[in-house]
Amino acid sequence: MRNVIKTGWIAAALCGMTTAGYAQFKGDDDGILMQKAASRDSLAIAEAVDGWWAASMKDHEQRIAWWREARFGCFIHWGVYSVPGGEWKGKKVGGYAEHLMRKEKISRSEYAQTLIASFNPTEFNAEAWVKLIKEAGMRYLIITAKHHDGVAMYPSAIGDYTISQSAFKRDPMAELAAACKKAGIRFGFYYSHAFDWEHPDAPGNDWDYNNPGGDKNLFGGTNWYDHHPELLPKAVKYVNEKSIPQIQELLRKYHPDIIWFDTPHKLPLSENIRILQAIRAVDPNVVVNGRLARSAAVSFGDYKNTADRPAEFYPVTGDWEAIPTTNESYGYSRYDRSHKPLGFFIRLMAKATSRGGNLLMNIGPMGNGVIDPRDTVILHGIGQWVDRYGASIYGAGATGMPLQSWGVTTAKGATKYLHVFDWPANGKLIVNGLTKINSASLMGARQKLAVKKTGDAVWEISLPTQAPDKHNSVIVVDDGGAPVRSDLPRLLDLNGRPQQLLAFDAQQRGKGLGFGDGKTDRYYVNRWKDTTQALSWTFSADKSAECSLNLRYVIDASSGGRYRIVVDGVTRQTLDVLPAPAKGEEVKTQSAANLTLTKGVHTLEIVPEKVTGEELMKLLEITLTPVKK
């Protein structure tokens with residue numbers, strides 16, 4: 001590989017740049033810079049793939065085994081910003097509370113004098129934190145050792161921006177590491193390696209230092225290091241003086257099981273790869289998440305990270321992790337009262353496991369060291385659920401079964417777990433995709449449930465009238481390890497309950513379609529730009545029924561066009577999409593004509609007829625609701 005990177009277009013390809021893109025830039029000043037940037041990064045990729053990284057991945061399966069088993073972890077954002085909790089000089093500061101320094105453009109010196117010096121969480125109790133987290137069923141804990149404000153939350157020997165300068169003369173990281181080891185909880189750190197608002201050479205602070213990587217988008221914005229490579233030595237100096245030394249200090253001092261990174265785009269890929277190499281030189285066994293170093297061709301972490309604060313999950317292969325938070329801020333905010341209901345997290349955990357992923361749920365303790373009571377209520381509720389149903393999560397994964405109309409499924413060996421979100425009113429649960437059922441029972445109960453085969457890999461399980469859990473009741477099925485029918489379509493229950501078809505679960509036709517990040521009202525498929533693109537869902541109706549059909553999508557001022565609703569190859573209706581009348585995005589529900597379905601298999605398609613804006617729309621979901629007569 002070292003020989004081929006001398007060719008410009010190959011270097012560009014390794015860094016995710018297309019041949020056409022390279023040709024577009026070739027010959028002008030920007031093209032020369034882009035070529036040099038591609039060569040720089042591709043050299044780092046080649047050295048890693050041909051050498052030290054490839055060697056480190058030989059132990060990958062052993063290294064990540066505990067993480068796969070754990071499935072559910074606790075993310076903790078806690079720093080000196082937790083004391084003001086979203087308030088500065090009597091003013092409410094919205095959004096992420098941990099971004100206070102950036103939002104209010106607080107100088108390095110004022111931040112140190114006002115927040116670091118006075119930080120004194122006298123009520124912090126590491127064992128109490130870990131006890132609560134363990135009782136919530138969380139199997140690993142990751143805490144911010146250094147966030148973007150640059151403050152080391154431990155007595156670091158590197159630099160003066162540490163809690164050694166505070167009124168708190170203890171080491172909370174050491175206390176948490178000890179408490180986790182005692183409780184059997186895996187322990188790790190979040191470290192902001194690329195984004196640092198206190199260091200004069202780091203990306204991010206453009207109010208004290210006029211540095212790139214901040215809100216002003218100086219020196220070319222996101223890719224400042226490609227447009228202005230003369231500035232890169234400054235960032236390299238920061239990495240050499242602070243980032244790598246502190247990361248290695250954390251590894252040597254606390255021996256974490258996992259280390260977690262974010263915002264890699266603030267540095268060039270070559271620097272991120274170099275940081276990973278420095279980690280592996282000290283500890284070959286620590287798990288590293290996927291946000292430290294990744295290119296279009298190679299993800300160098302031990303697993304992938306999906307979007308923050310998800311409501312739904314877009315398709316991901318391999319090991320992955322999502323990071324919801326109890327409200328919308330990661331650090332403690334006294335003003336953010338958007339805490340989600342308990343059932344949201346219980347179901348999200350099951351959804352993640354059913355797709356082979358982990359859930360790392362964030363809480364933001366208060367500045368005095370006490371976990372926010374609003375978070376405590378949620379943690380207690382989750383703990384009560386996992387006390388009974390935890391075996392369906394820990395060490396479990398995807399079943400390979402089709403999507404179900406009532407919830408999701410997880411598997412562990414010859415056991416399938418049916419997570420029933422919507423308890424059937426008639427006491428009959430219809431399950432498709434299992435070729436064999438030896439027995440079925442409610443989880444936590446000895447009584448067997450009656451089972452009847454009603455079709456090809458379709459079963460009817462008789463249930464009690466009342467659901468054992470209002471959020472997610474679990475049925476345990478022993479199928480003897482028989483193969484499942486992954487080729488079967490989803491079976492819709494047309495007995496009255498609305499049936500939701502997510503855009504994330506659709507088959508895509510054509511090139512260029514993309515996914516939203518999965519947050520609330522962002523679990524859409526986007527980039528609908530021409531008539532060659534389409535989405536389709538194949539499903540089986542359990543009976544003949546007339547259904548109302550509603551589409552839910554997101555539009556803005558640049559949306560617009562016309563699309564066809566096609567069922568079994570026949571156009572049923574054509575509808576217009578009008579752009580949003582105001583700035584920003586608008587979520588719209590559009591009703592179509594009722595659809596009559598016969599019992600059996602059907603395919604429903606959404607096909608653009610014309611696109612008059614930058615894109616047709618961002619489709620979230622389709623809902624089919626049986627019409628009562």
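Within the cation-pi definition used here (under 6.0 Å to the ring centroid, within 45° of the axis), Lys266 qualifies as a partner of Phe195.
Distance alone, capped at 3.5 Å, places no donor-acceptor pair between the Asp171 side chain and the Tyr154 backbone. Remark: side-chain polar atoms of Arg63 are paired, donor with acceptor, to backbone N or O of Pro284 under 3.5 angstrom. The closest donor-acceptor contact from the side chain of Thr306 to the backbone of Glu321 lies under 3.5 Å. No side-chain donor-acceptor contact under 3.5 Å links Asn358 to the backbone of Phe72. No donor-acceptor pair under 3.5 Å is formed between the side chain of Tyr335 and the backbone N or O of Gly95. Between the side chain of Asn272 and the backbone N or O of Pro264 there is at least one donor-acceptor pair closer than 3.5 Å. Side chain of Thr326 to main chain of Asp375: no donor-acceptor pair is present (N/O by atom type, distance under 3.5 Å, no hydrogens or angles). At least one donor-acceptor pair under 3.5 Å links the side chain of Lys134 to the backbone N or O of Ala183. Looking only at distances, no side-chain donor or acceptor of Thr353 sits under 3.5 Å from a matching main-chain atom of Gly397.
The two residues Trp385 and Asn472 make their nearest non-hydrogen contact at NE1-O, 2.8 Å. Between Val239 and Pro245, the shortest heavy-atom distance links the atoms O-CD, 3.5 Å. Nearest heavy-atom pair across Gly395 and Lys412 is O-CD, 3.8 Å.
Take Tyr191 and apply the ring-ring contact (aromatic ring centres under 6.0 Å, His included) test, not counting sequence neighbours, and it matches no residue.
The pair Arg274-Asp41 does not meet the salt-bridge criterion, since no charged nitrogen lies less than 4.0 angstrom from a carboxylate oxygen. In summary, Lys618 and Asp556 engage in a salt bridge, as defined by a charged side-chain N under 4.0 Å from a carboxylate O. Contact check on Lys340 versus Glu328 returns a salt bridge, with a Lys/Arg side-chain nitrogen under 4.0 Å from an Asp/Glu carboxylate oxygen. Salt bridge annotation for Arg108-Asp160: present, with a cationic side-chain nitrogen under 4.0 angstrom from a carboxylate oxygen.
Between Ile273 and Ile45, the closest side-chain pair of non-hydrogen atoms falls below 4.5 Å. For the pair Val386 and Tyr394, the minimum side-chain heavy-atom distance is below 4.5 Å. Contact check for Arg186 versus Cys180: no side-chain heavy atoms found under the 4.5 Å cut-off. You'll find the side chain of Met361 reaches within 4.5 Å of the side chain of Leu379, heavy atoms only. Inter-residue side-chain proximity for Asp372 and His339 is flagged as met; some heavy-atom pair is nearer than 4.5 Å. Contact check for Ile143 versus Phe187: side-chain heavy atoms found under the 4.5 Å cut-off. With a 4.5 Å cut-off on side-chain heavy atoms, Leu250 and Pro256 do not count as touching.
For NZ of Lys216, the number of neighbouring non-hydrogen atoms (other residues, nucleotides, ligands) closer than 6.0 Å is greater than 12. Within 6.0 Å of the NZ atom in Lys169, the count of heavy atoms belonging to other residues, nucleotides or ligands exceeds 12. In this structure, Lys131 places its NZ atom where only 12 or fewer heavy-atom neighbours from other residues, nucleotides or ligands lie under 6.0 Å away. Other residues, nucleotides and ligands contribute more than 12 heavy atoms inside 6.0 Å of the CD atom of Glu230.
Among pairs with a residue in residues 143-157, those fulfilling salt bridge (charged side-chain N to carboxylate O under 4.0 Å, His left out) read Lys146-Asp196, at least two apart in sequence or across chains. Evaluation of the side-chain hydrogen bond (donor to acceptor under 3.5 Å, both in side chains) test over residues 515-524, restricted to residues two or more places apart or in two chains, returns Asp517-Lys519, Asp517-Arg522, Asp521-Arg552, Arg522-Tyr524, Tyr523-Arg552, Tyr523-Glu621.
Donor-acceptor pairing under 3.5 Å is lacking for the side chains of Tyr254 and Glu249. Side-chain contact check for Lys304 and Asn289: no donor-acceptor pair (N or O, by modelled atom type) lies under 3.5 Å. A donor and an acceptor atom, one from each side chain of Asp336 and Ser338, are located under 3.5 Å apart. For Asp208 and Asn205, the side-chain atoms include at least one donor-acceptor pair closer than 3.5 Å.
Aromatic ring centres of Phe75 and Trp260: separated by under 6.0 Å. The six-membered or imidazole ring of Phe300 lies near that of Trp53, with a centre-to-centre distance under 6.0 Å. In this structure, the ring of Tyr190 has its center less than 6.0 angstrom from the ring center of His147. Taking the six-membered ring for Trp and the full ring otherwise, the centers of His419 and Phe421 sit at least 6.0 Å from each other.
Interatomic distance, Asp206 CG to Phe219 CZ, rounded to the nearest 0.5 Å: 9.5 Å. Note that CG of Asn368 is 9.5 Å distant from OG of Ser82, once rounded to the nearest 0.5 Å.
Each of Trp197, Tyr330, Tyr81 was compared with His99 under the ring pair (Phe, Tyr, Trp, His ring centres under 6.0 Å) criterion, and only Trp197 meets it.
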